[in-house]
Amino acid sequence: MEYNFRDIEKKWQAWWKENKVYSVSNPSTSSGHPVKPKFYVLDMFPYPSGAGLHVGHPLGYIASDIYSRYKRLKGFNVLHPMGFDSFGLPAEQYALDTGQHPAETTKKNIATFKSQLDNIGFCYDWEREVQTSDPEYYRWTQWIFLQLFNSYFCHTEKKALPISLLIKKYETKGAMPKTGEPIPGKHFTAEQWNSFSEKEKADILMRRRLAYCGYGEVNWCEALGTVLANDEVVNGVSERGGYPVVKKTLRQWYLRITEYADRLLEGLEKVDFSDAMKEMQSNWIGKSSGAEIDFLVKSEKIKDKSLRVYTTRPDTIFGIDFMVIAPEHELVESITTSDQKTAVEEYITYVKSRSERERMAEKKITGVFTGAYAINPFDGREIPIWISEYVLAGYGTGAIMAVPCGDERDHKFAKHFNISITNIIGEYYNGEEANPTKEAVLQNSGFLNGLVMKGAMDVVIAALEEKGIGKRKVNYKMRDAAFSRQRYWGEPFPIVWKDEIAKEWTGKLPLVLPDVEKYSPGPDGQGPLANIPEWVAQELETNTMPGYAGSSWYFLRYMDPHNDQTFCDRNVSDYWNQVDLYIGGTEHAVGHLLYSRMWTKVLYDLDLIGYDEPYKRLVNQGMIQGLSQIAYVKKGDFEEGTSRSGRNTFRVPMFSNPAGTPQPKLQLYSADLINDSNRDYYKPFNIPIELVARNIHESSKNVLDISSGIQKYPQRLDAIYITFDAFFYEGEWKTWSEDEQGWVITEERTFYTANEVEKMSKSKYNVVNPNDIILSYGADTFRMYEMFLGPVEMSKPWDTKGIEGVHRFLKKFWRLFFKESNHPSFGGAGGGSETLIVTNDEPTSAELKVLHHAIRRIENDTERFSFNTGVSGFMIATNELTDLKCHKRKILEPLLILLAPYAPHIAEELWQQLGNEKTILDQTYPVFIANYVAESSKEYPVSINGKLRTTMNLALDATEEEVNELTLENEVVKKWLEGKPPKKIIFVKNKMINVVV
RNA sequence: CCGGAUGUGGUGAAAUUGGUAGACACGUCAGACUUAGGAUCUGAUGCCGUAAGGUAUGGGGGUUCGAGUCCCUCCAUCCGGACCA
């Protein structure tokens, strides 16, 4: 009997489904059964894009599936759900283009995803599926939003509290400062509060709500017609699509995540994330401590004004040579002197003409003097105040004190504008380069002279506080998160606007997203919902929530997905508790992960759940990259050996130019290289083009269909198009000319092709669909191969070269159970006997050793997430058992259980073939017995004369004397010594034996 | 520029604590059984060398009886953040 993976996998997938073997139940409190320990394994749920899954997606899913199955065999009640992050921009963009309702395309895409996932044989309990765009789901997203809206962050208790408590406080005590004079507009008494109008009260409360509405500068993306959160903007362009992003003032919803900055930082210490991930998050939060200092401004126009700066280095206060304020700073106008007025205005105009992107790209030193001076409070020096774009209005106070000898940018600025530099760090400063040291002993620093900089900080802050002109201050880079989108395909806000006051919508949630005819934006930068008269008539908020709203709490809904009384029953969320293992890519480091951590903390503060960190352990799976074959073209002669990245080549334009890819390229290659053994293929400079052509996959042909390409993109007629058998150049089709080296030379151009590893993406035409692999090799092979590729955390290019080996292993494993037909000729019926050759004989010690070695090894590898070596463990065991001709039930059955998490279909099938009734999923993981692999002894290294070395097995509890004896008796040592008696034997560090001859 | 990670055969990669470097697999070569091989099995395979032997974990230096592993330094690649005061 052959290993017929197609039938086996179909059979078991159907059986699992039919018998609901993956159904997970919440323990009911009434039943007296002992509650199994729980384990929660979560994958980051996918956005169901139209492209479907590619081989990169399942990497993390397979790992988590193996781990879940393993934990189940280990006796845990495992929650391992899957769902879809189904709200979002691409579906809407697609709707805009085609007029199809996003709900329709989303539904279709989800069906594709699910069938692909099922093909791989994952153990999801689909009964628990969540979709963020499902009204029954977003009902609770809206509800949690209202909790945020109706809460504020109490600075004394450092936690979220219901806003009703704040109102009560205002009504009885008002909001008065603990010390000092009340500031009008900020502080008020209870009497004042009670006399405020409703609008005034609402505005004040809005300043404290955790979800609040305000006007602010936002990242506006014209092409997408919406606002983006900071983490959705990369290098001044949108993360999705790469469109330009500008600053725009709009009314927006925000999450007051900044209030949680400290707790988000502290929380990192108690979770098991990688250092890189923690680093990324704390960089994003960007906590810095320093001081805020007020400097008196001396200008012709104003008196008694002060300039507030933020600095992390108050110790350098005597080194200030100038001040710089942001061009948008509020003082710009009032302090500019009359003779500097024109220069300043010109400069401001210039700055406004430059986009953020330009500013970042070309770092020119620009600036202008305002004519005004600030006074150094300690030595009375007059410090010129400059304006420059390198100071950002949005960070700190938008003004800095410049210390050129200690800060690189200040130094460059000073040099550029010929400002004299005060040296306060002596020999640490060489006159050429700033030195940001904290170790120097201060000089030219008044009362700080002789102090080491590190120690001077506190002294300065104390002095500032005493004078009342400064104080210690902590600053964060993180801003409040923009929480609204001018879009259709998202959760509607359950908010109504009455007389410009935002109020909770009083209807019964969910507030269902209405149908629209058009998905184009509404008036004045509003979303499509503003086009619906009924919606506007009810004065409902026309923005929708961003993509990360639904994903911020989905891990909770899986626990109790059908509850229509609450978002998640408290008993249930207490039982499942935190996610024990969360698997996903690093791309969500500062987005989703921070937001969901914040939401969790809020829910915890409001006592709705019992823990304030959602994910106990996070594993970041690497990306599987695609292998793209790219055609390059170069004018004139080409010298072999020129680097691929050499400057004298460029990529050939491709006719299909997806949005946002500035220099598209042509792909000549696709998936099916399995049967090609030509290694030259992989040498970038030696690729016979015909060979490339031969391997072009069927599915790529339409991509390379030139006629449609030209029709679709007529403007690109000037480009060069290449297909597997011809290329299009200067308006004409030419077939490839003869060549030996892979070069194709036309009149004046040389083409060559190269492989490049890059992110797998539809737009790059390098996508490999798992279904294709499964069709030829089966899901079990696919699963094991993806794991065998290397560590889960590492990114690697997809490459099918090694898949045969894994497939061969499974066939070989199968032959431990069945005698293969004599001649399973290609496609033929075979004709041999189909015999199960498993016997009930007692295993030999050699066979037991193989088994228990495998148990120890594979269990260990699985436990520490080293699935690649785990797969190797199976191969080793199978090879050894084949050599031993071992077909014994007592060896093979435990081995099957070990294999079940990795290759569930074949394990289940063989388990049944052995005559076992129940599913293998509910077996108990075999126990490793040390005796069989001589665990009672340990290998010790032996070095002789401190040079030669070998190892020997010694009893674990061997004494030093015994060791000496054993050493002399040891055959290996005898051989080394060649009869010469050792002078002494040293037992070093309890671990090593050194024999001195 | 800053931060993080990585660097081992022709290839993907192993090497729990410092202890026979290259497990396991791909590929390649040779052989067996075959009408056939894209089935299966056996053997070889880091590099140099007929061999004995030498030499090898990006380069250089250090600690150690012993270093892929620890320390310093330089180089390369990848990822992330970048005017953050």
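Scope of the values below: all heavy atoms of this structure, side chains included, with no hydrogens, waters or symmetry mates. Since we're looking at a predicted model, the values are computed, not measured. Note on naming: letters A, B, ... go to the chains in the order of the sequence lines (proteins, then strands), and numbering restarts at 1 for each one.
When Watson-Crick and G-U wobble pairs are counted only if both distances are under 3.5 Å, B/U20 pairs with no nucleotide at all. For B/U69, there is no paired nucleotide, since no Watson-Crick or G-U wobble pair has both relevant distances below 3.5 Å. In this structure B/U6 sits in a base pair with B/A76, meeting the Watson-Crick or G-U test at under 3.5 Å. Using N1 to N3 plus N6-O4 or O6-N4 for Watson-Crick, or N1-O2 and O6-N3 for G-U wobble, each under 3.5 Å, B/G53 pairs with B/C48. B/A25 is paired with B/U11 under the Watson-Crick or G-U wobble criterion, all donor-acceptor distances under 3.5 Å. Across all strands shown, B/U40 forms a Watson-Crick or G-U wobble pair, both distances under 3.5 Å, with B/A32.
Only the C1' atoms considered, B/C72 is 16 Å distant from B/U64, to the nearest whole Å. Spacing of P atoms, B/A23 relative to B/C75, comes out at 34 Å, to the nearest Å. With both ends at atom C1', the span from B/G4 to B/A85 equals 24 Å, rounded to whole Å. Comparing B/G61 with B/U69, their P atoms sit 14 Å apart, to the nearest whole Å. One P atom belongs to B/C26, the other to B/A13, and the distance between them is 16 Å to the nearest Å. Annotation: B/A25 and B/G19 have their P atoms spaced 24 Å apart (nearest Å). Annotation: B/U73 and B/G22 have their P atoms spaced 32 Å apart (nearest Å). Spacing between B/G68 and B/U6 at atom C1', rounded to whole Å, works out to 13 Å.
Distance A/D861 CG to B/C24 C1': 11 Å, rounded to the nearest Å. In this entry the distance linking CD1 of A/I876 with P of B/A25 reads 7 Å, nearest Å. One interatomic measurement links the two molecules: NZ of A/K796 to C1' of B/A25, which rounds to 15 Å at whole-angstrom precision. One interatomic measurement links the two molecules: CG of A/N620 to C1' of B/U6, which rounds to 16 Å at whole-angstrom precision. Taking atom CE on A/M794 and atom P on B/A13, their separation rounds to 7 Å, with Å as the unit. At whole-Å resolution of the value, CE in A/M277 and P in B/C79 are 16 Å apart. Between the P atom of B/A13 and the CZ atom of A/F809 lies a distance of 20 Å, rounded to the nearest Å. Between the P atom of B/C2 and the CZ atom of A/R409 lies a distance of 14 Å, rounded to the nearest Å.
Proximity note for A/N860 (side chain, C-beta onward) versus B/C84, B/U16, B/A13: the nearest is B/U16. Across B/C24, B/G27, B/C84, the shortest atom-to-atom separation from the side chain of A/R808 is found for B/G27. With B/U40, B/A85, B/G12 as the choices, the nucleotide that has an atom nearest any side-chain atom of A/F788 turns out to be B/G12. Side-chain proximity of A/K811 to the nucleotides B/A15, B/U40, B/C84 is greatest for B/U40. Distance from the side chain of A/A276 is smallest for B/G4 among the nucleotides B/G4, B/A85, B/U42. Here the nucleotide nearest the side chain of A/R815, chosen from B/C41, B/A39, B/G3, is B/C41. Each of B/A14, B/A25, B/A85 was ranked by its minimum atom distance to the side chain of A/T312; first place goes to B/A85.
Place A/S288 and A/M875 on RNA chain B by their nearest nucleotides, and A/M875 ends up nearer the 5' end. RNA chain B is contacted by both A/E279 and A/W284; A/E279 maps to the nucleotide lying nearer its 5′ end (nearest heavy atom per residue).
At a threshold of 4.0 angstrom between heavy atoms, the contacts of A/D410 with the nucleic acid are absent. Heavy atoms of A/N868 sit under 4.0 angstrom from primed sugar atoms or phosphate atoms, though from no base atom.
One finds a side-chain N or O of A/N879 lying less than 4.0 angstrom from the OP1 or OP2 phosphate oxygen of B/A25.
In this structure, the side chain of A/K278 engages the main chain of A/V271 through a donor-acceptor pair within 3.5 Å. Without hydrogens or angle criteria, A/R6 side chain to A/L775 main chain gives a donor-acceptor distance under 3.5 Å. Put simply, the side chain of A/N620 gets close to the backbone of A/G584: a donor and an acceptor are under 3.5 Å apart. Panel note: side chain A/D407, backbone A/D410; a donor-acceptor pair is recorded below 3.5 Å. Remark: the backbone N or O of A/D861 is not paired with any side-chain donor or acceptor of A/T869 at under 3.5 angstrom.
Classification of the A/F817-A/F813 ring pair by plane angle, with boundaries at 30° and 60°, yields tilted.
Contact check for A/E859 versus A/L898: no side-chain heavy atoms found under the 4.5 Å cut-off.
A/D262 and A/Y476 form a side-chain donor-acceptor contact under 3.5 Å, judged by distance and modelled atom types alone.
Taking the syn range as angles within 90° of 0, the glycosidic angle of B/G66 is outside it, so the base is anti.
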